[in-house]
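Report on one structure; see the data block that follows.
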Protein chains: 2
Amino acid sequence: MVEASRADARRNHERLLIAAHEVFGKEGSESSLREIARRAGVGIGTLYRHFPTRESLLEALIRDSVEQLRDRADQLARTVPPERALITWLQDFVQRTNSYGGMPAAIVAALHNRRSDLYASCEAMRVAAGELLARAQQVGAVRPDVTATELFALASGVALVADQMPYGKALVDRLLTLMMSGLAR
Amino acid sequence: MVEASRADARRNHERLLIAAHEVFGKEGSESSLREIARRAGVGIGTLYRHFPTRESLLEALIRDSVEQLRDRADQLARTVPPERALITWLQDFVQRTNSYGGMPAAIVAALHNRRSDLYASCEAMRVAAGELLARAQQVGAVRPDVTATELFALASGVALVADQMPYGKALVDRLLTLMMSGLAR
DNA sequence: ACCTGAACACCGTTCAAGT
DNA sequence: ACCTGAACACCGTTCAAGT
């Protein structure tokens, strides 16, 4: 009985994640939670039991992406020159964070609220970016006075605009390149 | 009678704008329209009669800012070297568009929707930015391959992050400077 | 002409009642 | 333990009824 109950709970958990992935993917991260519960075939109370906040649901969905971004940073650090590693990671970052509409905004907000359910995941992302930045600075590829906060703010800015526009990958990469090399001449 | 009626309508229009300014200023551009109507001491139907969409209300509120930004561009073009004029205008742009929470997002969205009530105002802004860019490029202060769309996208990115964060003017200016001069070295 | 607010169809969130 | 859905307090938006 306890076993059966746990299996049910696990199945509901799974269904909610699937439904949330579908709905967030189509309507963005501000979608109706009721709609997600409906799509999962579950009472609204059950959604709240499994995910007490919208952010906790979002967190469960993006944890994979965050871990992949961290692995990607390590991989790039080992296989590619520091400057190239940084720009490539930034491209991946923007692409990944644009997998759900509203996700860049959720990440930026979370980074400024230590009590957010998304905080830990996002902080891990920022650390990964900071390490790639430090390496690029050590070899003199990036000016030493740029901080990780500044880099992340600018990259988040690109992710935020990209989220709101029908931008293709080409334009996003162009914006990141401009951000790195600068507009002035 | 007709006169009196028109005076009433004009007064309600005015009250709605004042209330919207207060509420948007405090709660951002996604605030409750009902709350605005309540604050204005007016029925919700009256709000919809004067401003059929949320964007039409926003448009009425930011038209002043847009016109001032256009004037500012002309003034800067006359009095300051092109490179300095561009960066100063960008600073003003970000500061202005951050006067209501959510305004940068509204502007970016409007620019990609020709039928938006905000489209004309925002397009005027983009034109102003484009002219300053062209001047800076003519004197060789900015690389010639940068388009107005790219410049505006990057500047909007900064405005979007600034909107979400407790950033001071100093950090915003720093981000714009980095955007112009680049991170790479 | 213009104003009003009830009415409708939705939300997010909680919590007593069920199994 | 877990699930359910009614209940509450809000929305945005429309529209018949009033002046």
Side-chain angles (χ1 to χ4, degrees), chain A residues 1-20 22-24 26-61 100-102 105-106 109 113 115-118, chain B residues 1-20 22-24 26-61 100-102 105-106 109 113 115-118:
Chain A
M1 270 309 151
V2 169
E3 283 286 317
S5 175
R6 281 181 183 168
D8 264 24
R10 218 162 32 222
R11 209 187 43 171
N12 284 339
H13 194 90
E14 197 62 31
R15 282 184 176 184
L16 282 165
L17 283 177
I18 291 168
E22 290 169 3
V23 176
F24 283 159
K26 210 191 306 173
E27 319 263 2
S29 63
E30 297 299 313
S31 309
S32 160
L33 297 178
R34 282 181 120 106
E35 169 66 20
I36 291 171
R38 270 194 301 268
R39 174 98 68 145
V42 139
I44 181 65
T46 301
L47 182 147
Y48 275 90
R49 164 168 264 267
H50 285 270
F51 303 102
T53 68
R54 171 179 243 105
E55 289 203 319
S56 65
L57 182 51
L58 216 43
E59 198 277 337
L61 284 173
Y100 301 129
N113 175 17
R115 298 188 331 258
S116 161
D117 291 314
L118 272 167
Chain B
M1 273 307 151
V2 170
E3 283 286 316
S5 176
R6 281 182 183 166
D8 264 24
R10 217 164 30 222
R11 209 188 42 170
N12 284 339
H13 194 90
E14 196 62 30
R15 283 185 176 184
L16 281 165
L17 284 177
I18 291 168
E22 290 170 2
V23 176
F24 283 159
K26 209 191 310 176
E27 319 264 0
S29 64
E30 297 299 314
S31 310
S32 159
L33 297 179
R34 282 180 121 105
E35 169 66 19
I36 290 171
R38 268 194 300 270
R39 174 99 67 147
V42 141
I44 182 64
T46 301
L47 183 149
Y48 275 91
R49 164 167 263 267
H50 286 269
F51 303 102
T53 67
R54 170 179 242 103
E55 288 203 320
S56 65
L57 182 51
L58 217 42
E59 198 278 335
L61 284 174
Y100 301 130
N113 176 17
R115 298 188 331 259
S116 161
D117 291 313
L118 272 169

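We name chains A, B, ... by the order of the sequence lines, and we start the count at 1 in each one.
- R11(A) comes within contact range of no nucleotide atom at all, as no heavy-atom separation falls under 4.0 Å.
- Close to dG12(D), at under 4.0 Å from its OP1 or OP2, lies a side-chain N or O of R54(B).
- In this structure, H13(A) reaches neither bases nor backbone, as no heavy-atom distance under 4.0 Å exists between it and the strands shown.
- Among the atoms of the strands shown, none is found under 4.0 Å from any heavy atom of T53(B).
- When distances run from any side-chain atom of T46(B) to the nucleotides dC3(C), dT13(D), dC3(D), the shortest one goes to dC3(C).
- Closest to the side chain of L33(B), out of dT13(C), dG12(D), dC11(D), is dG12(D).
- Across the protein-nucleic acid pair, R10(A) atom CZ and dC3(D) atom P stand 12 Å apart, rounded to whole Å.
- Sequence order on DNA chain C of the closest nucleotides to E30(A) and G45(A) puts E30(A) first from the 5' end.
- Under the Watson-Crick or G-U wobble criterion, with both distances below 3.5 Å, dC10(C) has no partner in any strand shown.
- Side-chain nitrogen and oxygen atoms of R38(B) include at least one within less than 4.0 Å of the OP1 or OP2 phosphate oxygen of dC11(D).
- Side-chain atoms of T46(A) and N12(A) form no donor-acceptor pair, as typed in the model, at a separation below 3.5 Å.
- Note: CG (L47(B)) to P (dC2(C)) measures 15 Å, nearest angstrom.
- Put simply, the side chain of L57(B) does not reach to within 4.5 Å of the side chain of Y48(B), judged on heavy atoms.
- I44(A) places its CD1 atom 18 Å from the P atom of dC2(D), with the value rounded to the nearest Å.
- As rounded to whole Å, 10 Å separates atom C1' of dA1(C) from atom NE2 of H50(B).
- The listed nucleotides are dT4(C), dA6(D), dG12(D); the one nearest the side chain of R34(B) is dG12(D).
- Look at dG5(C): its Watson-Crick or wobble partner, with both distances under 3.5 angstrom, is dC15(D).
- Considering only the side chain of Y48(B), dG12(D) comes nearest among dC11(C), dG12(D), dT14(C).
- Considering only heavy atoms from C-beta on, F51(B) comes within 4.5 Å of H13(B) through its side chain.
- Using a 4.0 Å heavy-atom distance criterion, S32(B) is classed as a sugar-phosphate-only contact.
- Under a 3.5 Å cut-off, the side chain of S29(B) and the backbone N or O of G101(B) do form a donor-acceptor pair.
- Nearest-nucleotide mapping onto DNA chain D: of V42(A) and P52(B), the residue sitting toward the 5' end is V42(A).
- When the P atom of dG18(C) is taken as reference, atom CZ of R49(A) falls 17 Å away, rounded to whole Å.
- We find that CZ of F51(A) is positioned 15 Å from C1' of dC3(D), with the value rounded to whole Å.
- Atom CD1 in I36(B) sits roughly 12 Å away from atom P in dT13(D) (whole-Å rounding).
- L47(A) CG to R15(A) CZ: the interatomic distance, rounded to the nearest 0.5 Å, is 14.0 Å.
- Rounded to an integer number of Å, the gap from E55(A) CD to dT13(C) P is 11 Å.
- Here the side chain of N12(A) is nearest to one of dC3(D), dC2(C), dC11(C), namely dC3(D).
- For the pair R38(B) and E35(B), the salt-bridge criterion is met [side-chain N within less than 4.0 Å of a carboxylate O].
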